[in-house]
Amino acid sequence: MFCFKNARELTCLFAVAVCVLTGHSLANESEFQEEFLKREYSLSKPYRGLGFSSSSFWDLMGNAMVTPDHVRLTPDLQSRQGAVWSRIPLFLQDWELKVHFKIHGVGKKNLNGDGMAVWLTRDRMQDGPAFGNMAQFVGLGILVDTYPNSEPGDKSFPYISVMLGNGTVSYDHDRDGRPSALAGCSALVRNSLYDTFLLVRYSRYKLRVMVDVDGKQEWKPCVDIRGLRLPTGYFLGASSATGDLSDNHDIISMKLYQLTVEKTPEEEAEEQESVLLPRVDDMEQFIVIVEEEGMSGVQLFVTLLFSVLGVGVLAVIGLMFYGRWTEKRRKRFY
Ligand SMILES: *[C@@H]1O[C@H](CO)[C@@H](O)[C@H](O)[C@H]1NC(C)=O
Ligand SMILES: *[C@@H]1O[C@H](CO)[C@@H](O)[C@H](O)[C@H]1NC(C)=O
Ligand SMILES: [Ca+2]
């Protein structure tokens, strides 16, 4: 539930009232009865057999390599690509993925790149320009972009964004994926003094991305998208690429938790409907946010000011007419 400033507050209050009246606790939405770590979808120390054993749940690709402390997707060298991909398709409906990663290098600020991405996609082990994955991927990409290839505009980098691929849209590396990004946030993920984490939670068709990068051990919201439909049976992965600029991109762990969510019969029926391609039901939720920022205090203030002035002018004119009318009446009587 989100509360907005100004006029939206009323709507929000109303929504809360409705929720209370119908007995739906707001806290319920984000509360899960249990979380189970799923080992077959998780990657953590010691990375036994990773990259060579057939018993491992993960595959390495490109320049990625395993050390005792991390899986290094790329070293701090130019033109490298590396990835790690889960071997088992994910069929869970409600899950949470916690990624412990580290991006670091000797490059000065803004002379490092290119970043890394976390994936849940139909295809695995693909090469390409989207942080070491194919540009026309099908599925979900959480992109951690550390270098602004184009004019960053109002965004400060590193910038984390969410893209949903349906096989038609391409990730545009030269424009930092701006045309296809659904939402995102800035986060100081590079050369951090602290451990850096990304949390991706998908439940009830809601996607929430949160970050913990400043050593405060708390999740900061980054992205919230509702009505996001993802087919099941996709593969988890993480990839990275360097170009002229480079960085070490390390994955320390990727832990997938199954979320147990109590569902209504309607929700269960909805789950039976198969989703063929990833999509977002309500694209307007992204436009609303932009309007929210544009329709800020200034506009409201100006509107109010003119209303007050208008009422004042009307009152003055009214008083003048009233004055004249009473004067005329007086003259008629005397
Ligand atoms: C969650 O909602 C159910 C009813 O749907 C209610 O019985 C339960 O007490 C709620 N739990 C919390 C923690 O509010
Ligand atoms: C894929 O997404 C794009 C952009 O949202 C949309 O224009 C296109 O119709 C979609 N393609 C399919 C096959 O759904
Ligand atoms: Ca970039």
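Here, residue 1 is the first one in the sequence, and each next residue gets the next number. In listed order, ligands and their atoms are each counted from 1.
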Item to complete: Go through the steps to decide whether Phe235 and Trp119 satisfy the test ring pair (Phe, Tyr, Trp, His ring centres under 6.0 Å), and finish with yes or no.
Response: CA-CA 7 Å; Phe235 295 95; Trp119 307 100; over 10 Å; no
Fill in: Protein non-hydrogen atom below 4.0 angstrom of atom 2 (O) of ligand 2 present
yes
Worksheet item: N/O/S of Asp114 less than 3.0 Å from the Ca ion (ligand 3)?
Response: no
Response to the item:
Of Leu277, Val169, Leu182, the residue with the heavy atom nearest atom 4 (C) of ligand 2 is Val169
Discussion item. Tell me the nearest of Val280, Asn166, Leu276 to atom 12 (C) of ligand 2, using heavy-atom distances.
Written reply: Asn166
Worksheet, complete the sentence: The atom name of the N, O or S atom in Asp176 nearest to the Ca ion (ligand 3) is OD1
Practice prompt. Check whether any N, O or S atom of Thr146 sits under 3.0 Å from the Ca ion (ligand 3).
Written response: no
Discussion item. Could you tell me if the side chain of Leu304 sits less than 4.5 Å from the side chain of Phe306, heavy atoms only?
Written reply: no
Worksheet item: Under 3.0 Å from the Ca ion (ligand 3), is there an N/O/S atom belonging to Tyr147?
Response: yes
Fill in: Is_contact(atom 9 (O) of ligand 2), protein non-hydrogen, under 4.0 Å
no
Worksheet item: Is atom 14 (O) of ligand 2 close to the protein, meaning a heavy atom under 4.0 Å from it?
Response: yes
Worksheet item: Do NZ/NE/NH1/NH2 and the carboxylate oxygens of Asp59 and Arg124 come within less than 4.0 Å?
Response: yes
Worksheet item: Considering the options Lys263, Arg204, Gln258, which one meets the side chain to side chain donor-acceptor pair (under 3.5 Å) requirement together with Asp94?
Response: Lys263
Discussion item. Within ligand 2, which atoms have a heavy atom of Thr168 less than 4.0 Å away?
Written reply: 11 (N)
Discussion item. Restricting to non-hydrogen atoms, name the atom on Trp219 and the atom on Met210 that form the minimum distance, rounded to 0.1 Å.
Written reply: CB-SD, 3.6 Å
Practice prompt. Check whether the side chains of His104 and Asp250 place a donor and an acceptor atom closer than 3.5 Å, and report yes or no.
Written response: yes
Discussion item. In the structure I gave you, are the side-chain heavy atoms of Arg122 and Tyr234 within less than 4.5 Å of one another anywhere?
Written reply: yes
